[in-house]
Number of protein chains: 2
Amino acid sequence: MARGSTRPTSRDVARAAGVSQAAVSLVLGDKWRGRVSEATAARVRQAAQDLGYRPNLAARNLRLGQARTALLVVPALTNEFFAAVYEGAARIAAKHGFGVVLYPSPEGIGPAPDPFASARAALDGIIASSMASEALTEIRGDDLPLVMLDSDPADSLGAATVNLDITDGMHQITDHLLTLGHRRYLHLAADIDSWTFHVRARELATRVGQAADTEVRTAKTPITIEGALAAAENALNGPGPRPTAIVCDDDKLAVGAYKAARRLGLRIPNDLSVTGFDDLALATAIEPELTTVHLDAELFGERGMTALLAVLEGETPPEGNIPVELVVRGSTAPPRPS
Amino acid sequence: MARGSTRPTSRDVARAAGVSQAAVSLVLGDKWRGRVSEATAARVRQAAQDLGYRPNLAARNLRLGQARTALLVVPALTNEFFAAVYEGAARIAAKHGFGVVLYPSPEGIGPAPDPFASARAALDGIIASSMASEALTEIRGDDLPLVMLDSDPADSLGAATVNLDITDGMHQITDHLLTLGHRRYLHLAADIDSWTFHVRARELATRVGQAADTEVRTAKTPITIEGALAAAENALNGPGPRPTAIVCDDDKLAVGAYKAARRLGLRIPNDLSVTGFDDLALATAIEPELTTVHLDAELFGERGMTALLAVLEGETPPEGNIPVELVVRGSTAPPRPS
DNA sequence: CAGCTGAAGTTGTACGTATAACCCCGTCCG
DNA sequence: CGGACGGGGTTATACGTACAACTTCAGCTG
C-alpha cells in the first residue's frame, strides 16, 4: 500500500507558511475572520496550494464525529431507474458537502462477509429504495437515521418515507384505457412481494372493477423480458375471450408483452393495447412507442436525500407524494369492435 | 446531527468484558492467537455483540493510513454499461474489504464546489472509465494510484490501462457484413473525442477498405436516439447509391437507425442491415433483435479493480485485452440484389 | 532455586484534524 | 498610567483505533 511519499498534512502546510497547525485549520476551514490576518491567511492558502495539500478525510471525520456520507441501498443499479435515483440523491448530497455511497442490494454484491464490512464507510444515514426492511436491519447499525423510498408509509417503523404517487399513476392508466373502451384486461404483474406492486395490483383491480362488464386477469412473472413473454403468451392463449389490453407493472415487462403479441400475430395497438410503468429509455426505443407512466427518478432521489438531511438536522422531513404523469404514445388505441 | 446516544466504542466493549481496549482490538481484529485466551476472546465477542458495537471506520482508516476505498469515475451511471462496470468493480472490491465510491463525471454532478469536496471520501486509488485525463487531474491528488479503463494505452501517462478488445469487435462486425456481401456502409459515429470511438472508426475504415469496391460514409451524432435518427435519415437520403448496412458505434444509435429506416420505409434486415455495439438490454428489446458486439461490462469492472489492487500492492497489473464477441441476431442479412 | 520462556494480558502512543482555552501585545479609555 | 479590550495568533487536547513495547506470573529446566 506504499503511497510513494506520504501526503502532506496540515502540519506540513503550517511549517511551510511559518504558522501553527491550528492556524492552517482555521484558515482552510474558513473560520478565521478576526482570528488571523488577511496576509497570513493568504500565505497559508498559498502554501497549501503549493504542497498540493488535501485534508485527510478520515481524520476530519473522526474529529467531527460525522462522515458526511449517506448510504443508498438499491435493488440493482443496472436498472436505469435506480441509477437515476442515485444521481438525484448525489446531486443534493454534493450541495451539502455530503457523499453518497452505494449498496446495490444483498443480491448484487452478496451479504457483507463479516459484520464489519457492512459498515464499510462511516455513515450518517441510510436511504433505502424498494427494500424489505429485514435486509436493512443488518446494515443499519442500531439507530442510523433512515429514509425509505417506495415503501408502505403505514409500517415503516418510524422512518421517514418518500413515495411517488403510484396510486394516481395507476388511476391515470386505467382511466385512459377505460375511456378508450377496454373491458378485458390482462395484468402482467411483477412477481415480487413489494409495496409498490401491491398498490398497483390493488388500484388496477378496484378502479377497473368500478366500471361495468369488466374483467381483470393476472399473470405473474419475474421482471425479465423472457419471463414476461412467456407469461403474456400463456395468458393470451388462455380460455375465454382474449383481453384487449395488457397493463404491465413495468416497462421491461411491456417489452415481453410486445414479443408475445408478435408471436401470436397480434398488432399493437390495433389488436392489443399495452401500457408500461416507469418510462425508461426502452419505452421510446420499441415500436410502437410505449404508453407509460413517467416517473421522475432523479427527483425521487433528490427528495430522498432532502428528507435524510432534514432528519439529520432534527427537523421533520416534508410530506407529500411526488406526482407522476401518464405519457400517451403509440401502444394504446380503442379495442377492435368485436 | 444528533445521533441520540453515541455509538459504543471499543473502550465500552472493553469495560463490559472486563479487559483493556487493546485486547478488544486484538480479538476483533483477529490477531489474538497466542495473545489472548480463548475464553476472554469469547467474552469480548459476546460483549461486542451485546452492545451492538461497530468499529469507527474513520478512526480505523486514520490509524491505518488507508481508506480501503476506491473511486470509480464514469461518464454516466444511467448508462447500463457503466452501472455494470460498477457492479463488477464493487464485487471484487468487497472481496478484498474495499469499498467503491462513485464520481459520475463532471457533467452529471458538476465540478466539486471547492478543491476539497473532490476528495470527499478518503481514497486509496482511482479507476477512471472512458474519461479524458484533464478532468481527472483535478480529482486525483498528486500521485493517487490510477487505473484507466477504455483509454489509449499509448498515452496513459504511466497509469495502468484495462481495455476491451474493441479492435477485434470491429473486425468481427466488418467480417460478418463483408461475408454477407455488403459493399456500401454508413458509419453512425458517436460525436465524442474518445479513444474507443477513434479506434472503431479507424478499424472500420481500414478493414472495409481492404475489400474491393467498398465505400464507407460517416455520419456523426451525439449518443441519443433522436440525434441518431436525424443523422441516419439525413445520410440515407444523401446522394448516390444508398448504403446497405449501417454500422453503429453503440446500441443506442442503432435504435435511431431503426427509426430512420422505418420512416424511409426500409425493412430491417431485408432492405438494410444494422449493427450495434455493447449489447445492452435495448438490443433484444427492439424488433428485429439487434446484431451487436457483446461486451462483458462486469468483467471489465472486475479487471479494473483487480488492476488497481495490484498497483496498490506494488505489483504490475496483468496485461491483455478482454475478449468481445459478435452476437448475430436478426438485424443483419445479405443485401438485396440490385 | 536462579533464570528462562511463553501465555495472557496491559500501557502507551500515533495517526491528522478541529477547536477550546490560553497568551501576548498594542491601543484606548477613564 | 493602570487596566480593559480585541486582534492575531499558539498550545493543548480529544476523537477511536491498531499495534509496538512492556509487564506479570506460572511452569519448567539445569
Side-chain angles (χ1 to χ4, degrees), chain A residues 1 3 6-44 47-48 51-68 97 116 119-124 141, chain B residues 1 3 6-44 47-48 51-68 97 116 119-124 141:
Chain A
M1 303 281 153
R3 171 124 76 255
T6 45
R7 292 159 73 90
T9 75
S10 61
R11 196 155 288 131
D12 296 326
V13 175
R15 214 178 339 255
V19 298
S20 72
Q21 178 268 330
V24 173
S25 180
L26 253 14
V27 171
L28 265 28
D30 213 35
K31 298 199 177 352
W32 55 282
R33 260 154 278 267
R35 322 254 296 113
V36 177
S37 72
E38 189 78 51
T40 355
R43 235 169 50 241
V44 168
L51 294 178
Y53 168 72
R54 303 289 170 111
N56 180 320
L57 266 291
R60 170 179 292 179
N61 290 344
L62 176 57
R63 178 72 237 266
L64 297 179
Q66 50 161 58
R68 306 224 123 220
F116 301 125
R120 265 257 41 82
L123 302 175
D124 291 322
Chain B
M1 304 281 154
R3 171 124 77 254
T6 45
R7 292 158 73 90
T9 76
S10 61
R11 197 156 284 128
D12 296 327
V13 175
R15 214 176 341 255
V19 297
S20 73
Q21 178 268 331
V24 173
S25 179
L26 253 13
V27 171
L28 266 28
D30 213 34
K31 298 196 178 350
W32 55 280
R33 259 155 279 268
R35 323 252 298 112
V36 177
S37 72
E38 189 78 51
T40 354
R43 235 168 50 239
V44 168
L51 294 178
Y53 168 72
R54 304 288 171 112
N56 181 319
L57 267 290
R60 168 178 293 180
N61 291 344
L62 175 58
R63 179 71 237 268
L64 296 179
Q66 51 162 57
R68 304 227 124 218
F116 301 124
R120 269 256 38 83
L123 302 175
D124 291 322

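Excluded from the calculations below are hydrogen atoms, water molecules and symmetry mates; all remaining heavy atoms, backbone and side chain alike, are included. The chains referred to below are lettered A, B, ... by the order of the sequence lines, with proteins before strands, and numbering in each begins at 1.
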Does a side-chain heavy-atom distance below 4.5 Å link Val44(B) with Trp32(B)?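 With C-beta onward as the side chain, the pair stays apart.
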pair Asn56(A)-Leu62(B): side-chain heavy atoms closer than 4.5 Å: yes
Compare every heavy atom of [Y] with every heavy atom of [X], then report the nearest pair and how far apart it is.
{"X": "Arg68(A)", "Y": "Gln66(A)", "result": "NE-NE2, 2.9 Å"}
{"X": "Pro8(B)", "Y": "Leu51(B)", "result": "CG-O, 3.5 Å"}
{"X": "Ala41(B)", "Y": "Val27(B)", "result": "O-CG1, 3.8 Å"}
{"X": "Asn61(B)", "Y": "Ala58(A)", "result": "CB-CB, 3.8 Å"}
{"X": "Tyr53(B)", "Y": "Thr9(B)", "result": "CE1-C, 3.4 Å"}

Would you please confirm or rule out a distance under 4.0 Å between OP1 or OP2 of dA18(D) and any side-chain N or O of Arg60(B)? yes
So, is Ser10(B) close to the dT17(D) phosphate, meaning a side-chain N or O under 4.0 Å from OP1 or OP2?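 Answer yes for this pair, as a side-chain N or O of Ser10(B) is under 4.0 Å from OP1 or OP2.
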Would you mind telling me which residue lines up with the more 5' stretch of DNA chain D, Gln21(A) or Arg43(A), judged by nearest nucleotide?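 Going by which nucleotide is closer to the 5' end, it is Arg43(A).
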Need to verify one output field. Residue with the more 5' nearest nucleotide on DNA chain D, Ala59(B) or Thr40(A)? Thr40(A)
Measure [atom1]/[X] against [atom2]/[N] and give the value in whole Å, please.
{"X": "Leu28(B)", "N": "dG16(D)", "atom1": "CG", "atom2": "C1'", "answer": "13 Å"}
{"X": "Trp32(B)", "N": "dC19(D)", "atom1": "CH2", "atom2": "C1'", "answer": "18 Å"}
{"X": "Asn56(B)", "N": "dG16(D)", "atom1": "CG", "atom2": "C1'", "answer": "6 Å"}
{"X": "Lys31(A)", "N": "dT10(D)", "atom1": "NZ", "atom2": "P", "answer": "19 Å"}
{"X": "Arg68(B)", "N": "dA18(D)", "atom1": "CZ", "atom2": "P", "answer": "12 Å"}
{"X": "Arg63(A)", "N": "dT17(D)", "atom1": "CZ", "atom2": "P", "answer": "16 Å"}
{"X": "Arg11(B)", "N": "dA14(D)", "atom1": "CZ", "atom2": "P", "answer": "11 Å"}
{"X": "Gln66(A)", "N": "dG16(D)", "atom1": "CD", "atom2": "P", "answer": "14 Å"}

Under 4.0 Å protein heavy-atom contacts per nucleotide of nucleotides 20-27 of chain D, with B for base, S for backbone only and - for none: -B------
Residues which pass salt bridge (Lys or Arg N to Asp or Glu O under 4.0 Å) with Arg15(A), listed by chain and number, not counting sequence neighbours: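 Expected list: Asp12(A).
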Who passes salt bridge (Lys or Arg N to Asp or Glu O under 4.0 Å) against Arg11(B), sequence neighbours left out? none
Taking five pairs at each end, how big is the angle between the two axes of the helix from dC1(C)-dG30(D) to dG30(C)-dC1(D), to 10°?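 Comparing the axis at each end, I get an angle of 60°.
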Taking for Val19(B) and for Leu62(B) the nucleotide of DNA chain C with the nearest heavy atom, the one nearer the 5' end belongs to Val19(B)
Applying a 4.0 Å non-hydrogen cut-off, can you work out what Ser25(B) is touching in the nucleic acid: base, sugar-phosphate, or nothing? base
Which part of the nucleic acid, if any, lies within contact of Ser20(A), taking any heavy atom under 4.0 Å across all strands shown: a base, the sugar-phosphate backbone alone, or nothing? base
Go through DNA chain C in 5' to 3' direction and return only the first and the last nucleotide with some atom under 4.0 Å of chain A's heavy atoms.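 Contact boundaries, 5' end first: dG16(C) to dA21(C).
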side-chain contact (heavy atoms from CB on, under 4.5 Å) filter on Thr40(B), not counting sequence neighbours, yields Val19(B), Val36(B), Ser37(B), Arg43(B)
Approximate separation, where rounding is to 0.5 Å, of Leu26(A) CG and Arg33(A) CZ: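 So the CG of Leu26(A) and the CZ of Arg33(A) are separated by 11.0 Å.
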